[in-house]
Amino acid sequence: MAQVLGEERELRRVIGDGEAVADGEVEGLSEADLLALFRDMVLLRTYDERSVVYHRQGRIGTYAIFWNHEAMQAGSAYALGDDDWIFPSYRESAIGLLRGMPPETILSWWRGHPAGWWNPADYNVASICVPIATHVPHAAGLAWGKRLRGEDAVAIAYFGDGATSEGAFHEGANFAAVMQAPVILFCNNNGWAISTPVSAQTRAQTLADKAVGYGMPAARVDGGDVLAVYEATRDAVARARAGDGPTFIEAVTYRAAPHATADDPSVYIDPERVDEARADECVGRYERYLRRLGLLDDALAEQVRAEAADAMRAGIAAAEAEPPPDPGLVFAHALVDPPASFETDLAELRRILG
Ligand SMILES: Cc1ncc(C[n+]2csc(CCOP(=O)(O)OP(=O)(O)O)c2C)c(N)n1
Ligand SMILES: [Mg+2]
């Protein structure tokens, strides 16, 4: 049955501002859970900030920055079980860290090195999807398949605001709803698809409204509020596991960093909105919340940051210690019956690479 969004258009929030807006809490989250969420966010933040530096040093290639997206990624991933599947886009490239994937694997991916390929079944994390929205039908299909097999795993697909204009998004959403696939469609609405603003992307009042057309429930959350994101995802996971089908979550932020290291947003973005977003960035917002609760002090915050920095130092060292890949890999899996020219092309490539 079709859902009408109504008051659900309001953004859900849990974290207050320490002044006029009171802090809320999420039932069922222990103190250990709250600190684990902080560790996850700091790990992602550290990965992201170090990656921009590594890019500038020429140690990784073009990189899609996710600064201030950590609450959306950590909050939603924390609501999943280990058997649940994650389908990341390039914006969630490092989300595997939260499943124990070593930083060097993801850094190698951004170095264009085969050591950055992983077997999705090892982590229940699908490969990083760069074509916009093409992983939405994959996630819906995997989730449906799990259900047909009588397993209770769910899948989550991450994508951006711009992705909701792509055919693959609509096919995946419709398929998921019709089949009642246990999938969560998690949209990070950061206001921009590179230089295209949401206002030029759709006439829908909100992106969550698109779910209504598919008869799918939707929730809108403040994407900078890790606890609101967690809660909305936990509800969606429960619904999916209970056999009640997919949910669309629209998590709203404002993109506080360039689209990627190759982008210059100064020619199109609203600098005041960026300043606002940076002043209220999600890791700091959550850190202040934990301090108000008395769960975090300087020493612990410092320790968490130092651990994340150590993990990244070890990660880039391991990635750089990988021997150069065999150029033959470029051809190896391309065709079942390779043409004769492959051999001469490969010989030429080997000669150029020295
Ligand atoms: C099918 C396809 N078309 C175009 C592109 C080029 N492209 C890369 S990122 C991007 C914008 C996507 O914006 P959005 O979905 O809002 O995600 P965000 O980058 O903001 O997380 C586009 C158009 C692509 N990667 N794939
Ligand atoms: Mg976007």
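As the structure lists them, so they are numbered: ligands from 1, and atoms in each ligand from 1. On a predicted model such as this, the values are computed, not experimentally measured, just so you know. Hydrogens, waters and symmetry mates are skipped; everything else that's a heavy atom, side chains included, is used.
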Top protein contact for [atom], by heavy-atom distance:
atom	result
atom 25 (N) of ligand 1	Val130 O, 3.1 Å
atom 6 (C) of ligand 1	Ile132 CG1, 4.6 Å
atom 3 (N) of ligand 1	Glu166 OE2, 3.9 Å
atom 22 (C) of ligand 1	Ile194 CD1, 3.8 Å
atom 17 (O) of ligand 1	Tyr90 OH, 3.3 Å
atom 21 (O) of ligand 1	Arg91 NE, 3.0 Å

Within ligand 1, which atoms have a heavy atom of [X] less than 4.0 Å away?
X	result
Pro131	26 (N)
His259	9 (S), 19 (O)
Ala163	15 (O)
Gly162	14 (P), 15 (O), 16 (O)
Asn188	21 (O)
Asn190	18 (P), 20 (O), 21 (O)
Trp192	16 (O), 20 (O)

More than 12 heavy atoms of other residues, nucleotides or ligands under 6.0 Å from [atom1] of [X]: yes or no?
X	atom1	answer
Asn119	CG	yes
Glu307	CD	yes
Arg56	CZ	no
Glu272	CD	no
Glu25	CD	no

Can you confirm if the NZ or CZ of Arg99 lies within 45° of the ring axis of Tyr123 and under 6.0 Å from the centre of its six-membered ring?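 The answer is no; the distance or angle limit is not met.
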Give the ring-plane orientation class for Phe66 versus Tyr47, where under 30° counts as parallel, over 60° as perpendicular and anything between as tilted.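 Rings of Phe66 and Tyr47: parallel, under 30°.
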Whether Trp85 and Phe87 hold their rings parallel, tilted or perpendicular, with breakpoints at 30° and 60°: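 If you compare the ring of Trp85 with that of Phe87, the planes turn out tilted.
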What do you think, any protein heavy atom under 4.0 angstrom from atom 11 (C) of ligand 1?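 Yes, there is a protein heavy atom closer to it than 4.0 Å.
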Which value, rounded to the nearest 0.5 Å, describes the distance between Tyr54 atom OH and Leu107 atom CG?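 Tyr54 atom OH to Leu107 atom CG measures 6.5 Å (nearest 0.5 Å).
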Which protein N, O or S atoms does the Mg ion (ligand 2) have within a distance shorter than 2.8 Å?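 Result, waters dropped: Asp161 OD1, Asn190 OD1, Trp192 O.
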Pairing donors with acceptors under 3.5 angstrom, does anything connect the side chains of His135 and Tyr158?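 Side chains of His135 and Tyr158: no pair found under 3.5 Å.
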Test your reading of the model: is there a side-chain donor-acceptor pair from Thr247 to the backbone of Pro217, 3.5 Å cut-off?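 Side chain of Thr247 to backbone of Pro217, a donor-acceptor pair under 3.5 Å: no, none is there.
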Would you call Asp23 and Arg288 a salt bridge, taking side-chain N to carboxylate O under 4.0 Å as the test?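 The answer is no: the pair does not qualify as a salt bridge.
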So which of Gly160, Ala64, Gly191, Ala193 gets nearest to atom 13 (O) of ligand 1, if we judge by its closest heavy atom?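 Of the listed residues, Ala193 has the closest heavy atom.
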Do Leu34 and Phe38 land in one hydrophobic cluster if side-chain heavy atoms of ILVMFWY residues count as linked below 4.5 Å?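 Hydrophobic grouping puts Leu34 with Phe38.
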